[in-house]
Student: 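Mind having a look at this structure? Questions to follow.
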Amino acid sequence: MLKLVHLHQSPSSQLQPLATFQTTQKSSSAVAIPSKQPPSAARFCSCCGRRHFIEAATAAFLPVSPPKSSASTLHSDDYSDLLNKIHPPRPDWYEEFYASVMATSMKSYEEKIAGYKSQLFGKLKGKAKRVMEIGIGTGPNLEYYAGNGEIQVFGLDPNKKMEKYARASATAVGVPPKNFHFIEAVAEAVPLDDSSMDAVVGTLVLCSVKDVSMALKEVKRVLKPGGFFLFIEHVAAKDGTSLKFWQTVLDPLQQTVADGCHLTRETGKYITSAGFSSLELNMASLYNDPFSLISPHVYGVAWN
């Protein structure tokens with residue numbers, strides 16, 4: 001049964017402290033991580049920071065959810081086929097262009113969200129040595145891992161061109177190359193072993209994955225017992241508000257031009273019903289502008 005630990009709203013001008021929750025994390029021996037990095041990958045967000053353009057893939061291409069550990073045991077060719085069904089490959093020029101844009105266009109957002117991230121990532125200290133991040137992108141979160149030489153970061157992203165930017169970010173903030181592993185993968189089928197991660201991180205990702213429930217199942221699968229999932233996502237505004245009206249009107253266009261990003265996705269409900277043992281869920285309005293389509297956010301921690 002899910003234990004909902006904390007729920008509150010905080011305006012953008014006043015960041016509320018997260019509730020304190022202690023867990024007993026069971027010790028676990030190191031789990032081998034597949035050495036091969038599968039080609040191609042997943043879908044991550046849009047105007048919130050994962051902006052892509054029109055793409056032909058639709059949910060009809062999604063395969064039936066595989067058994068619990070199938071993603072980590074598929075052969076390379078089989079996994080490539082699975083990835084291509086979920087997210088058809090794109091031209092190199094497109095991926096390079098998109099990666100270069102992402103490397104320069106998110107600074108203002110990162111400055112705005114920094115206080116929230118600092119609170120969440122602080123929970124990794126002393127509790128997580130192996131961390132998987134879905135949608136690593138150009139590595140804007142790598143600074144929050146810096147200073148901890150014990151953390152091994154496994155960053156997943158669909159765009160192979162992101163790797164050079166992510167590695168440059170790691171170097172810039174002092175994350176040793178040996179501590180950062182870039183993997184091309186979809187959030188819905190992670191090529192890592194069961195119970196192999198102490199923590200999973202997802203920021204601005206679940207708005208545009210094809211199957212949120214499948215992605216969260218993968219998060220739970222790779223987490224060790226007692227491991228935790230840190231998340232920050234933009235979500236739908238409250239029903240009956242003018243912002244929700246405009247989100248609803250513009251959502252089809254947003255999905256078309258922004259790689260499947262959903263303005264009206266209620267990600268908090270997906271996380272609440274995913275089967276985590278306990279959950280700390282917070283809501284915030286990131287921007288004072290009442291017409292900012294991605295102002296409503298949820299953030300928090302879910303324990304496996």
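For this chain, numbers begin at 1 and follow the sequence in order.
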Student: State, yes or no, whether a side-chain contact exists between Val235 and Arg265 at a heavy-atom distance under 4.5 Å.
Tutor: no
Student: Quick check against the 3.5 Å criterion: does Thr264 have a side-chain atom that pairs as donor or acceptor with the backbone of Thr248?
Tutor: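 Absent.
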Student: For the pair Glu150 and Lys125, evaluate side-chain contact (heavy atoms from CB on, under 4.5 Å) and give the outcome as yes or no after the intermediate values.
Tutor: CA-CA 10 Å; Glu150 293 186 339; Lys125 192 171 183 179; over 6 Å; no
Student: Is any side-chain heavy atom of Lys161 closer than 4.5 Å to one of Phe97?
Tutor: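 No. Closest side-chain heavy atoms not under 4.5 Å.
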Student: Treating Arg167 as the side-chain partner and Gly139 as the backbone partner, does any N or O pair qualify as donor plus acceptor under 3.5 Å?
Tutor: no
Student: With side-chain contact (heavy atoms from CB on, under 4.5 Å) as the test, would you mind laying out the steps for Met132 and Leu156 before giving the verdict?
Tutor: CA-CA 7 Å; Met132 179 183 82; Leu156 278 62; 3.7 Å; yes
Student: Considering non-hydrogen atoms only, spot the tightest contact between His297 and Ile113 and give its length.
Tutor: CD2-CD1, 4.2 Å
Student: Looking only at non-hydrogen atoms, find the nearest pair between Leu216 and Tyr270 and report the distance.
Tutor: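 Heavy-atom minimum between the residues: CD1-O, 3.6 Å.
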Student: Backbone N or O of Ala187 within a donor-acceptor pair of the Glu218 side chain at under 3.5 Å?
Tutor: no
Student: Could you tell me whether a side-chain N or O of Asp251 sits under 3.5 Å from a main-chain N or O of Leu263, the two making a donor and an acceptor?
Tutor: yes
Student: Look at the side chain of Glu133 and the backbone N and O of Gly202, then say whether any donor-acceptor pair between them is shorter than 3.5 Å.
Tutor: no
Student: Look up atom CD1 in Ile294 and atom CG in Leu243, then write down how far apart they are to the nearest 0.5 Å.
Tutor: 10.5 Å
Student: Report yes or no: is the cationic atom of Lys220 (NZ for Lys, CZ for Arg) closer than 6.0 Å to the six-membered ring centre of Phe276, at no more than 45° off its axis?
Tutor: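 That pair qualifies as a cation-pi contact.
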Student: Using a 4.5 Å cut-off on heavy atoms from C-beta on, say whether the side chain of Glu110 contacts that of Lys107.
Tutor: no
Student: I'd like to check Thr203 versus Asn141 (side-chain heavy atoms, cut-off strictly below 4.5 Å). Are they in contact?
Tutor: yes
Student: Answer yes or no: is there a donor N or O on one side and an acceptor on the other, between the side chain of Asp194 and the main chain of Val222, under 3.5 Å?
Tutor: no
Student: Go through the steps to decide whether Tyr299 and Gln119 satisfy the test side-chain hydrogen bond (donor to acceptor under 3.5 Å, both in side chains), and finish with yes or no.
Tutor: CA-CA 10 Å; Tyr299 66 101; Gln119 280 190 329; 4.6 Å; no
Student: Can you measure from NZ (Lys244) to CG (Asp239) and round to the nearest 0.5 angstrom?
Tutor: 3.5 Å
Student: Using 30° and 60° as the class limits, which term best fits the ring planes of Phe229 and Phe231: parallel, tilted or perpendicular?
Tutor: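 Correct class here is tilted.
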Student: State, with a plain yes or no, whether a side-chain heavy atom of Lys117 is found less than 4.5 Å away from one of Ile232.
Tutor: yes
Student: Which class fits the ring pair Tyr109 and Tyr287: parallel under 30°, tilted 30 to 60°, perpendicular over 60°?
Tutor: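 Tyr109 and Tyr287: tilted rings.
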Student: Between His181 and Gln152, is the side-chain hydrogen bond (donor to acceptor under 3.5 Å, both in side chains) condition met? List the steps.
Tutor: CA-CA 8 Å; His181 315 272; Gln152 295 286 324; 2.6 Å; yes
Student: One thing to verify: whether Arg130 and Asp198 come together as a salt bridge, which I'm taking to mean a side-chain N less than 4.0 angstrom from a carboxylate O.
Tutor: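 So Asp198 does not pair with Arg130 through a salt bridge.
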Student: Mind checking the OG1-CD spacing from Thr241 to Gln247? Nearest 0.5 Å is all I need.
Tutor: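 It comes to 7.0 Å.
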Student: How close do Ala199 and Ala128 get, counting heavy atoms only, and between which atoms?
Tutor: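 For Ala199 and Ala128, the tightest heavy-atom pair comes out as CB-CB, 4.0 Å.
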Student: I'd like to know if the side chain of Arg90 reaches the main chain of Glu95, judged simply by a donor and an acceptor atom lying under 3.5 Å from each other, with no hydrogens or angles considered.
Tutor: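 Such a contact is absent between Arg90 side chain and Glu95 backbone.
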Student: Might you point out which heavy atoms bring Met197 and Val131 nearest each other, and give the distance in Å?
Tutor: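 Minimum heavy-atom contact is SD-C, 3.8 Å.
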Student: side-chain contact (heavy atoms from CB on, under 4.5 Å), that's the test. Do His234 and Cys207 meet it? Break it down for me.
Tutor: CA-CA 7 Å; His234 76 81; Cys207 58; 3.5 Å; yes
Student: With a 4.5 Å cut-off on side-chain heavy atoms, are Val200 and Leu230 touching?
Tutor: no
Student: Quick check on side-chain contact (heavy atoms from CB on, under 4.5 Å): which of Ile86, Asp157, Asp211 does Val186 satisfy it with?
Tutor: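 The residue from Ile86, Asp157, Asp211 that satisfies side-chain contact (heavy atoms from CB on, under 4.5 Å) with Val186 turns out to be Ile86.
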Student: Between atom CG of Asn159 and atom CD1 of Ile136, what is the distance when rounded to the nearest 0.5 Å?
Tutor: 13.0 Å
Student: Any chance you could measure Phe180, atom CZ, to Tyr145, atom OH, to the nearest 0.5 Å?
Tutor: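 Reported to 0.5 Å precision, the distance equals 9.0 Å.
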Student: Using a 3.5 Å distance criterion without hydrogens, assess whether the side chain of Ser295 forms a donor-acceptor pair with backbone atoms of Leu286.
Tutor: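 At least one qualifying donor-acceptor pair exists.
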Student: Would you say Asp193's side chain and Ser196's backbone share a donor-acceptor pair under 3.5 angstrom?
Tutor: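 Flag not set: sc Asp193 to bb Ser196 has no pair under 3.5 Å.
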Student: For Lys164, check salt bridge (charged side-chain N to carboxylate O under 4.0 Å, His left out) against everything at least two apart and list the hits.
Tutor: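 With sequence neighbours excluded, Lys164 shows a salt bridge (charged side-chain N to carboxylate O under 4.0 Å, His left out) to Glu96, given in chain and number order.
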Student: Start with the C-alpha gap between Asn179 and Val153, add the side-chain angles, then the distance that decides, and say whether side-chain contact (heavy atoms from CB on, under 4.5 Å) holds.
Tutor: CA-CA 6 Å; Asn179 288 20; Val153 181; over 6 Å; no
Student: Mind listing the closest non-hydrogen atom pair of Asn148 and Gly126 along with its distance?
Tutor: ND2-N, 4.5 Å
Student: Might you point out which heavy atoms bring Leu279 and Ala302 nearest each other, and give the distance in Å?
Tutor: CD1-CB, 3.8 Å
Student: I need the Cys261 SG to Leu206 CG distance, nearest 0.5 Å.
Tutor: 11.0 Å
Student: Side-chain contact, heavy-atom cut-off 4.5 Å: Ile151 with Lys129?
Tutor: no
Student: Are Tyr165 and Leu204 grouped together when hydrophobic residues (ILVMFWY) are joined by side-chain heavy atoms under 4.5 angstrom apart?
Tutor: no
Student: Do Val301 and Trp303 come within less than 4.5 Å of each other through their side chains, counting heavy atoms only?
Tutor: yes
Student: Is a side-chain donor or acceptor of Asn304 paired with a backbone partner of Leu223 at a separation under 3.5 angstrom?
Tutor: yes
